[in-house]
Amino acid sequence: QVQLVESGGGLVQPGGSLRLSCAASGSIPGINSMGWYRQAPGKQRELVATIINGGSTNYADSVKGRFTVSRDNAKNTMFLQMDSLKPGDTANYYCNMVSRGVVYWGKGTLVTVSS
């Protein structure tokens, strides 16, 4: 019943910006945390950024100062503002949500950083 749908991926040049969105739908009694993960071909999925219910955020060292995670007041949409993008940021980006101990995942959106 609960669904997470990512959007905003695409092709961008190095140094450019991109904004990802994650829309949550369905019966969600409460959200403990949401986060963004990414997975490049041949690599394991890694944490990019998380945001807890109170608004505190955490970032992977590789994206600190370049990426910003946020969530709207309705708590049904999460964003990832990506600036100063590098080719190494190329990956499928996945939305993650934890609600009362249950973990949900989106299907992912592809981000390609290339000239």
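These numbers were taken from a predicted model, which means no experiment stands behind them. The chain is numbered in sequence order, starting from 1.
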Ignoring hydrogens and angles, tell me if any N or O in the side chain of Asn76 forms a donor-acceptor pair with the backbone of Ala24 under 3.5 Å.
no
How long is the straight-line distance from CG of Leu47 back to OG of Ser62, given to the nearest 0.5 Å?
9.5 Å
Considering only heavy atoms from C-beta outward, does the side chain of Asn96 approach that of Tyr94 to under 4.5 Å?
no
One should read off an interatomic distance between Leu4 CG and Met97 CE, to the nearest 0.5 angstrom, of 5.0 Å
For the residue pair Tyr37 and Trp105, categorise the inter-ring angle as parallel (less than 30°), tilted (30 to 60°) or perpendicular (more than 60°).
perpendicular
Which pair of non-hydrogen atoms, one from Asp89 and one from Tyr93, has the smallest distance, and what is that distance?
O-OH, 2.6 Å
Do Thr109 and Ser7 have side chains that approach each other closer than 4.5 Å (heavy atoms only, starting at C-beta)?
no
Would a single hydrophobic cluster contain both Ile51 and Val2, if residues Ile, Leu, Val, Met, Phe, Trp and Tyr are joined by side-chain heavy-atom contacts under 4.5 Å?
yes
For the student: nearest non-hydrogen atoms of Ser84 and Ser17, plus distance:
N-OG, 4.4 Å
Honestly curious: do Val63 and Phe79 fall in one hydrophobic cluster under the side-chain, below-4.5 Å linking rule?
no
If Ile, Leu, Val, Met, Phe, Trp and Tyr residues are connected whenever their side-chain heavy atoms lie under 4.5 Å apart, and connections chain through other members, are Leu11 and Leu110 in the same group?
no
Should the heavy atoms of other residues, nucleotides or ligands under 6.0 Å from CD of Gln39 be counted, would the total exceed 12?
yes
If you define the side chain from C-beta out and look only at heavy atoms, does anything of Asn92 sit under 4.5 Å from Arg45?
no
If you look at every heavy atom in Val113 and Thr90, which pair is closest and at what distance?
N-OG1, 2.9 Å
For residues Asn32 and Asn53, determine if any side-chain heavy atom of one lies less than 4.5 Å from a side-chain heavy atom of the other.
no
Ignoring hydrogens and angles, tell me if any N or O in the side chain of Thr77 forms a donor-acceptor pair with the backbone of Ala23 under 3.5 Å.
no
Interatomic distance, Met78 atom CE to Trp36 atom CH2 [nearest 0.5 angstrom]:
5.0 Å
Mind listing the closest non-hydrogen atom pair of Ala91 and Ala40 along with its distance?
CB-N, 3.8 Å
To the nearest 0.5 Å, how far apart are CG in Leu20 and CZ in Phe67?
8.0 Å
Single hit among Leu18, Val48, Thr68, Val111 for side chain to side chain contact (heavy atoms under 4.5 Å, CB included) with Leu80:
Val48
Roughly how far, to the nearest 0.5 Å, is the CD1 atom of Ile52 from the OG atom of Ser33?
8.0 Å
I'd like to know if the side chain of Gln81 and the backbone of Arg19 have a donor-acceptor N/O pair within less than 3.5 Å.
no
NZ/NE/NH1/NH2 to OD/OE distance under 4.0 Å, Lys64 and Asp61
yes
Going through the distances and angles, do Met82 and Arg66 end up as a side-chain contact (heavy atoms from CB on, under 4.5 Å)?
CA-CA 6 Å; Met82 303 184 293; Arg66 300 188 298 119; over 6 Å; no
Please check if the side chain of Glu6 supplies one atom and the backbone of Lys107 the other of a donor-acceptor pair under 3.5 Å.
yes
Validation row: Val69, Thr50 side chains within 4.5 angstrom (heavy atoms):
no
